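Below: one structure, written as structure tokens.
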Amino acid sequence: MTVHLEIRGKVQGVFFRATAKKIAEQNDLNGWIENDNSGVVKAVVTGRREDVEKFIEWCRSGPEQAAVDEVIISHIEETIFKGFNVKR
């Protein structure tokens, strides 16, 4: 299962990407995560359905300093990635 996520709220400058990488790696997920210029965190995550769903659930609250308002989920064609990368 592969999904594209847009995480909105106070999600930049709160270690969201670094923590998401740890969560993804703990759940054997691959893909990437990045900040965009509008203050949104975007990610593409692929893996087993139950593991992707755990990651999405974590994204709904994020790290302690975050204040997530919304997670927009788009199911996309399955994509193969090697590892989980934080884009800068």
Side-chain angles (χ1 to χ4, degrees):
M1 175 174 166
T2 302
V3 295
H4 178 270
L5 304 174
E6 287 188 19
I7 303 118
R8 300 176 181 270
K10 182 185 172 198
V11 293
Q12 291 190 9
V14 295
F15 300 100
F16 201 102
R17 293 175 302 155
T19 309
K21 178 177 174 62
K22 290 178 186 174
I23 299 297
E25 289 173 344
Q26 289 170 0
N27 287 287
D28 200 28
L29 299 172
N30 295 303
W32 55 263
I33 192 163
E34 69 180 353
N35 289 339
D36 80 359
N37 293 333
S38 68
V40 173
V41 170
K42 294 183 177 180
V44 172
V45 182
T46 190
R48 294 184 338 182
R49 175 177 298 278
E50 55 270 19
D51 296 327
V52 171
E53 288 172 353
K54 285 181 201 173
F55 184 84
I56 292 169
E57 193 57 36
W58 176 84
C59 286
R60 294 186 193 284
S61 58
E64 186 176 323
Q65 305 89 339
V68 178
D69 295 331
E70 180 179 28
V71 178
I72 300 169
I73 305 161
S74 303
H75 293 270
I76 61 174
E77 184 176 329
E78 188 169 352
T79 308
I80 304 299
F81 297 96
K82 183 175 175 140
F84 192 88
N85 298 303
V86 175
K87 292 186 176 183
R88 306 223 181 263

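All residue numbers in this chain count up from 1 along the given sequence. This structure is a prediction, so every number in the text was calculated from the model and none was measured.
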For Ile72, is there any backbone N or O sitting under 3.5 Å from a side-chain donor or acceptor partner on Ser74?
no

Determine whether a donor-acceptor pair (N or O, by modelled atom type, separation under 3.5 Å) exists between the side chain of Lys21 and the backbone of Phe84.
yes

Minimal non-hydrogen separation, Val71 against Cys59, with atom names:
CG2-O, 3.7 Å

Check which hydrophobic residues are tied to Val40 through side-chain heavy-atom contacts below 4.5 Å, counting indirect links as well, and list them.
none

Under 30°, 30 to 60°, or over 60°: which ring-plane class applies to Trp58 and Phe16, parallel, tilted or perpendicular?
tilted

Evaluate the side-chain proximity of Val11 to Val68: yes if any heavy-atom separation is below 4.5 Å, no if none is.
yes

Please give me the minimum heavy-atom distance between Thr2 and Val44, naming the atom from each residue.
CG2-CG1, 3.8 Å

Taking side-chain contact (heavy atoms from CB on, under 4.5 Å) as the criterion, tell me which of His75, Arg48, Glu78 meets it with Met1.
His75

Hey, is Lys22 close enough to Glu25 for a salt bridge, meaning N to O under 4.0 Å?
no

Please examine the side chains of Gln12 and Val41, heavy atoms only from C-beta on, and report whether any two atoms are closer than 4.5 Å.
yes

Any donor-acceptor N/O pair, Asn27 side chain to Leu29 backbone, under 3.5 Å
no

State, with a plain yes or no, whether a side-chain heavy atom of Lys87 is found less than 4.5 Å away from one of Lys42.
no

Heavy-atom closest contact (Ser61 atom, Ala66 atom, distance)
O-CB, 3.9 Å

Report yes or no: do Val14 and Phe55 belong to one cluster of Ile/Leu/Val/Met/Phe/Trp/Tyr joined by side chain heavy-atom distances under 4.5 Å?
yes

Thr46 to Val52 - nearest heavy-atom pair and separation:
C-CG2, 4.1 Å

